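Worksheet for the structure shown next.
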Amino acid sequence: DVKVTQSSRYLVKRTGEKVFLECVQDMDHENMFWYRQDPGLGLRLIYFSYDVKMKEKGDIPEGYSVSREKKERFSLILESASTNQTSMYLCASSSGAASSEQFFGPGTRLTVL
Amino acid sequence: GENVEQHPSTLSVQEGDSAVIKCTYSDSASNYFPWYKQELGKGPQLIIDIRSNVGEKKDQRIAVTLNKTAKHFSLHITETQPEDSAVYFCAATTTGGGADGLTFGKGTHLIIQP
């Protein structure tokens, strides 16, 4: 089974802190994604990556950056956390085939105080 | 960019009845439409998907229909069971090979009443 793990289930940070959210997948998938999930808004794509060191902006990239130094690991970075970044963050991965299934991690609930 | 609308936001049905969730999309170039189920405390999981060259797809009690002309697609669950209670998301994307970020609807909270 594909397993996507996220470094923390719950995280509390202060405004202005630099925050790293880590995601690791064990199925040698080419593609990795970061979404945020907010009540009443569904899931929104922040960034995605189709290869090591490659990244593409999604629908809401402002205030975020990403890093993919290894194929299995995709990091989401909040350079200076703000209260409006309090949310559930979901990582996903998929194989290189077009429109292949995205496998999601359990999510990290981030609270910025 | 793509915009996906999903209705209803909450759906309550009696156990054993059918449930229907509807989505519309805006980008006529979209050609892949997956449905995800999210249980409490878990990430979404794919339950069924359909591509634009197909009008209907079934998998046991679940079916999805697609009307490309009207740009809408629907999820049908028959003989609902308590374990069907969850949040369901539709999504759409344009496939061009490689990574395909999905545009999701806002979700439907399905409640199965015993």
Side-chain angles (χ1 to χ4, degrees), chain A residues 1-6 9-10 21 23 25 29-61 66 68 71 74 88-109, chain B residues 1-10 21 23-27 29-54 57 59 64 66 86-109:
Chain A
D1 281 350
V2 173
K3 193 166 185 182
V4 178
T5 56
Q6 296 184 228
R9 291 302 302 268
Y10 300 94
L21 302 183
C23 175
Q25 50 93 6
H29 281 169
E30 282 79 10
N31 309 321
M32 297 188 75
F33 309 83
W34 275 107
Y35 295 89
R36 65 176 281 176
Q37 182 176 14
D38 300 287
L41 296 179
L43 283 76
R44 293 177 290 166
L45 181 65
I46 304 172
Y47 267 97
F48 63 98
S49 169
Y50 54 87
D51 201 352
V52 175
K53 296 192 186 295
M54 304 304 289
K55 61 184 179 183
E56 294 284 344
K57 293 181 179 179
D59 298 319
I60 52 165
V66 291
R68 194 166 180 202
K71 190 176 185 180
F74 192 35
M88 172 68 82
Y89 290 88
L90 290 161
C91 175
S93 72
S94 70
S95 73
S99 303
S100 57
E101 177 180 355
Q102 291 190 19
F103 294 85
F104 283 83
T108 294
R109 183 164 295 282
Chain B
E2 177 64 277
N3 182 50
V4 176
E5 299 284 341
Q6 182 173 348
H7 299 280
S9 57
T10 303
I21 302 170
C23 290
T24 60
Y25 61 98
S26 61
D27 188 349
S30 287
N31 55 7
Y32 175 64
F33 308 93
W35 285 88
Y36 283 80
K37 175 184 181 182
Q38 186 176 28
E39 297 175 335
L40 199 61
K42 298 183 179 180
Q45 184 171 14
L46 180 73
I47 56 171
I48 195 167
D49 57 12
I50 191 167
R51 299 176 192 276
S52 59
N53 58 349
V54 175
K57 184 177 179 180
D59 183 3
V64 57
L66 171 65
V87 179
Y88 292 80
F89 293 96
C90 61
T93 192
T94 304
T95 64
D100 301 311
L102 295 168
T103 299
F104 284 87
K106 291 180 169 52
T108 295
H109 186 194

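The chains referred to below are lettered A, B, ... by the order of the sequence lines, with proteins before strands, and numbering in each begins at 1. Computed from a predicted model, the values in this text were never measured in an experiment.
- Counting all heavy atoms, side chain and backbone alike, Tyr36(B) lies closest to Gln102(A) at OH-N, 3.2 Å.
- Of the atoms belonging to Leu90(A), it is side-chain heavy atoms, and not backbone ones, that fall under 4.5 Å from chain B.
- Screening Asp59(A), Leu41(A), Leu43(A) for a side-chain contact (heavy atoms from CB on, under 4.5 Å) with Phe104(B), the sole residue that qualifies is Leu43(A).
- With sequence neighbours excluded, the residues forming a salt bridge (charged side-chain N to carboxylate O under 4.0 Å, His left out) with Lys37(B) are Glu39(B), listed by chain and number.
- If you take CG on Leu46(B) and CZ on Phe104(A), they are separated by 9.5 Å, rounding to the nearest 0.5 Å.
- Proximity to chain A (any heavy atom under 4.5 Å) is shown, for Glu2(B), by neither the backbone nor the side chain.
- Only the side chain of Tyr35(A) comes within contact range of chain B, with at least one heavy atom under 4.5 Å from a heavy atom of that chain.
- Contact annotation for Pro34(B): neither backbone nor side-chain heavy atoms come within less than 4.5 Å of a heavy atom of chain A.
- Looking only at heavy-atom pairs under 4.5 Å with chain B, the residue among Gly107(A), Gly105(A), Gly40(A) that has the most is Gly40(A).
- Between Leu45(A) and Gly101(B), the shortest heavy-atom distance links the atoms CD2-CA, 3.5 Å.
- Judged as a salt bridge (charged side-chain N to carboxylate O under 4.0 Å, His left out), and not counting sequence neighbours, the contacts of Asp38(A) are Arg36(A), Arg44(A).
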